[in-house]
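Notes follow the structure.
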2 protein chains.
Amino acid sequence: MVIEKNTTLDRTFHALADSTRRGMVTMLAKEGFKTAGELGAPFDISQPAASKHLKVLENAGLVIRKRHGRTHAFSLNSETLGAARGWLERHQAFWAGSMDQLEALLETEGDT
Amino acid sequence: MVIEKNTTLDRTFHALADSTRRGMVTMLAKEGFKTAGELGAPFDISQPAASKHLKVLENAGLVIRKRHGRTHAFSLNSETLGAARGWLERHQAFWAGSMDQLEALLETEGDT
DNA sequence: CCATTATATAACCAAATGGTTATAGAAAAA
DNA sequence: TTTTTCTATAACCATTTGGTTATATAATGG
C-alpha cells in the first residue's frame with residue numbers, strides 16, 4: 001500500500017472545514033467577484049478575522065486575489081475545487097468497485 | 001445571502017484534511033473492509049493515535065465500525081463521501097454559471 | 001496636506017488538534 | 001485460569017486554530 005502525502009489536499013480540505021470559509025466560497029460561487037469587505041460582512045466576526053480566513057482560502061488555492069487600488073477582489077479557483085472533488089470521486093468509484101467485487105463474491109458463495 | 005451552518009460538513013472536511021486519515025480512507029476504498037490494526041499499520045504512529053484517527057473518521061460518518069469479537073472492522077460510508085462531493089459539485093456548477101453570466105455580460109458590453 | 005477607507009499585521013488568548021506513554025477492558029489462546 | 005492480543009481511554013504535551021484588540025500600510029477624497 002502506497003501512502004499518499006499530499007499537503008495540497010490537506011490545505012484544501014482544511015480550508016473547507018470551516019462554515020465561515022465555506023460561506024465565503026458560496027458567495028464567490030454565486031456572485032463571481034467579491035471584495036474582502038463584502039466577503040466578511042455577512043459573518044459576525046472582526047475585520048482581521050475575515051482577513052485571516054481569506055488568507056487561508058488563498059493559501060489553499062481555493063480563491064484568487066487581485067488588488068485593485070486599496071480593495072482586494074477575490075474570485076473562486078475552480079481548479080482546486082475540482083481537485084478535491086476528483087479525490088472524492090475516485091474514492092467513491094473505488095468503493096463502488098469494491099462493493100461490486102463483494103457482491104460478486106457473495107453471489108459466488110451463494111451458489112454453493 | 002443565507003449563511004450556511006453545517007457542522008456535518010465541518011466534520012467531514014476536517015476528517016479529510018489529514019493525510020493519515022485520507023490514507024485510511026484510501027485503504028478502505030480499495031479493499032472494502034479493514035480492522036483498526038490493519039488501518040494503522042502502514043503509518044508511523046502509535047496504536048492510540050490510529051485509534052483516535054478512526055474515531056474522527058467514525059464521528060464524521062465517513063466510516064462504519066462493526067465489532068467482531070475483539071477486532072473492529074471498518075468500511076467506508078459512501079453517503080458521507082457523496083455529501084462532500086455534492087457540495088463541491090454544486091459550487092463548481094454555480095461558479096460555471098457565474099462565468100457564463102460574466103461572458104454574456106462582456107459580450108453585451110462589447111456590442112456597443 | 002489631512003482625513004477617511006480598505007486591508008493586513010502584530011500580539012495575545014482559549015480551545016482544539018495530533019502526538020505520546022501508560023493503563024484498562026474484553027476476547028482469544030494456551 | 002493465565003497469558004496474549006486487539007482496541008480504547010486517560011493524562012499529558014507542543015503546535016495550530018480561530019478569535020480578539022490595537023496598529024500599520026496604502027489608496028482615495030476633501
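In what follows, every heavy atom counts, from backbone to side chain, and hydrogens, waters and symmetry copies are set aside.
Residue A:Lys55 contributes atom NZ, which lies 15 Å from atom P of D:dG19 at whole-angstrom precision. In this structure, the CZ atom of A:Phe43 is 15 Å from the C1' atom of D:dG19, given to the nearest Å. The distance from atom CD of B:Glu38 to atom C1' of D:dC6 is 12 Å, rounded to the nearest whole Å. Between B:Arg11 atom CZ and C:dA16 atom C1' the separation is 14 Å, expressed in whole Å. For the pair A:Met24 CE and D:dG18 C1', the computed distance is 12 Å after rounding to whole Å. Protein atom CG of A:Leu16 is 12 Å distant from nucleotide atom P of D:dG18, rounded to whole Å. Rounded to an integer number of Å, the gap from CG of B:Asp10 to C1' of D:dG18 is 13 Å. Computed from coordinates, the A:Phe13 CZ to C:dT17 P distance equals 17 Å when rounded to whole Å.
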Show the distances under 3.5 angstrom between N or O atoms of the protein and N or O atoms of nucleotides 21-30 of chain D.
| unit_1 | atom_1 | unit_2 | atom_2 | d |
| --- | --- | --- | --- | --- |
| D:dA27 | N3 | A:Arg70 | NH1 | 3.3 |

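One distance of note links NZ of A:Lys34 with CE of A:Met27; it measures 5.0 Å at 0.5 Å rounding. Atom CZ of A:Phe74 is separated from atom CG of A:Leu28 by 8.5 Å, given to the nearest 0.5 angstrom. A distance of 8.5 Å separates CD1 of A:Ile64 from CZ of A:Phe33, quoted to the nearest 0.5 Å.
In this pair, A:Trp87 and A:Phe13 present their aromatic rings perpendicular. The plane angle is above 60°, beyond the 30 to 60° band.
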Checking A:His91 against B:Thr26 for the side chain to side chain donor-acceptor pair (under 3.5 Å) test, could you report, in this order, the C-alpha distance in whole Å, the side-chain angles of both residues, the deciding distance, and whether it holds?
CA-CA 7 Å; A:His91 282 73; B:Thr26 298; 2.7 Å; yes
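When the nearest nucleotides of DNA chain D are assigned to B:Ala73 and A:His14 by heavy-atom distance, the more 5′-ward of the two goes with B:Ala73.
Note on B:Lys52: a base of the nucleic acid sits closer than 4.0 angstrom, heavy atoms only. As judged by a 4.0 angstrom heavy-atom cut-off over every strand, B:Ile45 is placed among residues touching the sugar-phosphate backbone only.
Close to C:dG19, at under 4.0 Å from its OP1 or OP2, lies a side-chain N or O of B:His53.
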